[in-house]
Undergrad: 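Got a structure for you, questions after.
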Amino acid sequence: MNTMTLDAAGQAEPVQPKAVEQDTVGTQTKVRETVGKPFCDSAKLRMRNVNVFYGEAQAIHDVSLDIGRNEVVAMIGPSGCGKSTFLRCLNRMNDTIEGCRVEGELSLDDEPIYGAKVDVVPLRARVGMVFQKPNPFPKSIYDNVAYGPKIHGIASRRAELDEIVENSLRRAGLWNEVKDRLDKPGTGLSGGQQQRLCIARAIAVSPEVILMDEPCSALDPIATARIEELIDELRENYTIAIVTHSMQQAARVSQRTAYFHLGHLVEVNDTETVFTNPQHELTEAYITGRFG
Amino acid sequence: MEMHFDQHISRQFNEDLESIKTEMLEMGGMVARQVADAVDALANADSELAEKVLHIEEEIDRREMALDEHATLIIAKRQPAASDLRMVLSVTRIARDLERIGDEASKIAKMAIALTDEGTSPRGYTEIRHIANAVRKMLNDALDAYTRFDVASAMATLAEDEQVDMDYRTAVRELITYMMEDPRSISRVINVLWSLRSLERIGDHAKNICEQVVYLVEGADIRHGHEKNLKNF
C-alpha cells in the first residue's frame, strides 16, 4: 500500500517521492536521482522505491515511476541496465527466477501487485506480455489465440471463441493474412506474423496493460513498422510499457521515455524532450552514441 | 550540459559533425569578408572590389548547397539525436542565413557600382559606415559565439540588433530630409537607402545566428521574440 497522509480536508493523499529537477545548466548531474517527469496524474501502474535483487546482487535501485492510462512508456538503456528486470516486475514474471527478490510498492489500479493474496494467473491476464522472440504455441493459429480465453474461462462456446479470435487477430493486424489458414500451425508463419500472433494472443484475454520486451528486435524493418503501427492503435485501449534497444523505435512509439543506467532510473521525460534536449548527461551520452 | 562532439563511439560521426561545423564557419568567414568588401567598395567608390564581391556570391551559394547535402547525409546515415541533432539543424539554418547575408552584400556591391557610375554622393555615407561597423561586429561575434558554444555572448550580440534597427530608422529619417531639401539627389540617396536596408537585414541575420547558438547549446527555441523559452537567463 502507498503511504497515506491526510490533508486539511481529510482527503487521503498518496505521498509521492519528489522527482529531482535538473539544477543549473552545466553542473555535473552525477547524482542517481530521477530527472524529469516520472509521475503522472492518471497512473495505471504506480511503482515506488522499487529495489530488485538477484541473490546478493542488486539489479534495480530505488526506482519510482508511473505508467499512465493509454500511455506508451518506452524503457531504454544499455544491456544490463535493469530495464527488462523492471518490466518483468510489473506482472511478476520475476517470481519464476530463483533468488530474485522484489522490494517496494508496485500497484495496478492502486491494488498491490505483490500482495500476499494476489493470484498471479489473473494478474498476468490483466498485464499481458510480448517477448523478444515470437513464441507461438505449437498449435494452430486459432488455438494460439483461443487458448487464453479458454483457460481463463472468458469464453467457452465456439461462437464466442470465434468472435474473440477474429477480433484479436484483426486488432493485431493479422486477420487478413491468416483468415483462410486458421487451422495451420502458428509456427509456420513468418517472424513478423508470429509476433503479431503473439500480440493477438495477449490481447485475446482482454488485458489492461501490455508489456513488450524488445518485441521487434528479431524482425525486419517492414514487420517492425507494422508492429509499431499496431502499438499506436493499441494505445487507445491499453496501457503499454515497451523495452527497446532501438532508440528510433522509442522515439516513434512512446509518449514518455525512461532511461535506465546501471539499475538506476536516470531520467524520465516526454519522449520529444528526451530525443531533442535530454536533461541528464548520461541520457544524452546514451542516445547520441557517446562514451557514457 | 557541456557540448562535446568528439566523444562518439563512432569516430566517423565525430568527423562528420566536426566537418559540417568547420564548413559552416569557413562559409561564415567568407561572408564576413564579403560584407566588409561590399561596404569598402561603397565607401571608396571601388567598382573593382564590388565586382569581386559579386563574384564570390557564386562560391557562397555552392557552399550552402554542399553543406545542405552533407547535413542530409548525416541525418540519413546517423539519425542524430539531442545535441547532435541540434548541431546539424543549427548548421543548416545558419548556412541559410549566411547565404542571405551574401545576397545582401551583393546588393550593396551593386549599389556601389551604380553610385560609382553616377559619381560619389557623400550624403548618408557616415550612417552607412556607422551601421556597417555595428552589423559586421554582430556577425563576427555571432560566429565566434557559435565556435565557443557561448550562450551569454550570443545573447549580448543578439541584443545589439535593437540599436542597429534604431540607427537604421534614424538614418532613413535623415535621408528623407536630404531628399526633400534636394530632389536632384533622390536617385543617389535611394541607392544609399537600399544599402542601409541591406545592412539592417544583415543585422537581422546575425541575430538569427545568435538564436541558433542558444538552440544548439540549450535546446531552447527563442526565435520570434520567444526569449522566455531560455530558462535561467
Side-chain angles (χ1 to χ4, degrees), chain A residues 20-31 33 35-37 74 76-79 81 216 221 224-225 228 244-254 256-259 261 266-292, chain B residues 1-18 20-21 74-93 145 148-155 211-223 226-233:
Chain A
V20 174
E21 288 290 326
Q22 164 86 339
D23 37 11
T24 46
V25 175
T27 47
Q28 301 277 307
T29 37
K30 290 287 186 201
V31 274
E33 279 161 318
V35 163
K37 303 178 183 169
I76 61 170
S79 294
C81 68
C216 299
T224 299
E228 287 179 5
T244 175
H245 271 144
S246 159
M247 247 93 65
Q248 276 76 43
Q249 178 164 71
R252 287 189 295 258
V253 303
S254 68
R256 277 190 306 150
T257 298
Y259 173 63
H261 185 88
V266 172
E267 175 167 356
V268 186
N269 247 321
D270 293 334
T271 296
E272 53 192 67
T273 304
V274 169
F275 289 96
T276 58
N277 194 14
Q279 303 301 301
H280 199 289
E281 59 189 13
L282 286 171
T283 320
E284 167 101 12
Y286 182 69
I287 64 162
T288 58
R290 287 169 165 86
F291 311 107
Chain B
M1 209 177 305
E2 283 178 48
M3 298 271 113
H4 295 291
F5 294 95
D6 55 353
Q7 295 180 353
H8 294 90
I9 294 157
S10 159
R11 200 146 33 90
Q12 182 62 47
F13 194 12
N14 289 338
E15 286 165 15
D16 286 346
L17 286 174
E18 186 57 39
I20 55 163
K21 187 186 163 199
I74 292 179
I75 294 171
K77 285 199 276 191
R78 307 277 174 190
Q79 291 99 46
S83 58
D84 298 338
L85 177 62
R86 303 199 304 267
M87 163 70 101
V88 175
L89 288 176
S90 63
V91 161
T92 55
R93 287 171 183 163
R148 292 185 286 111
F149 307 130
D150 187 341
V151 170
S153 157
M155 290 303 283
E211 290 169 347
Q212 292 309 311
V213 175
V214 175
Y215 176 68
L216 169 66
V217 179
E218 300 291 347
D221 189 350
I222 59 162
R223 290 176 297 177
H226 288 85
E227 273 90 357
K228 64 175 186 309
N229 287 350
L230 178 60
K231 287 169 195 135
N232 311 322
F233 200 81

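Chain letters run A, B, ... following the sequence lines, proteins first and then strands; every chain starts at 1.
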Undergrad: Side chain, backbone, both or neither: which part of Tyr215(B) has a non-hydrogen atom closer than 4.5 Å to chain A?
TA: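 For Tyr215(B), neither part sits under 4.5 Å from chain A.
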
Undergrad: State the CD-CD distance between Glu284(A) and Glu2(B), to the nearest 0.5 angstrom.
TA: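 Interatomic distance, Glu284(A) CD to Glu2(B) CD, rounded to 0.5 Å: 11.5 Å.
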
Undergrad: Looking only at heavy atoms, what is the nearest atom pair of Thr288(A) and Phe13(B), with distance?
TA: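 Taking every non-hydrogen atom into account, O-CE2, 4.2 Å.
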
Undergrad: Any donor-acceptor pair under 3.5 Å linking the side chain of Asn277(A) with the backbone of Glu218(B)?
TA: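 Judged by distance alone, yes, a pair lies under 3.5 Å.
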
Undergrad: Quick check on Ile9(B) against chain A: is it the side chain, the backbone, both or neither that has a heavy atom closer than 4.5 Å?
TA: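 Both backbone and side chain.
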
Undergrad: Which atoms form the tightest heavy-atom contact between Asp84(B) and Arg290(A), and what is the distance?
TA: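 For Asp84(B) versus Arg290(A), the nearest heavy atoms are OD1-NH2, 2.9 Å.
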
Undergrad: Decide if atom CD of Glu272(A) counts as having more than 12 heavy atoms of other residues, nucleotides or ligands within a radius under 6.0 Å.
TA: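 Open: at most 12 neighbouring heavy atoms sit under 6.0 Å from CD of Glu272(A).
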
Undergrad: Among Ala82(B), Ala81(B), Gly219(B), single out the residue with the greatest number of heavy-atom pairs under 4.5 Å to chain A.
TA: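 Looking at each option in turn, the highest pair count goes to Ala82(B).
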
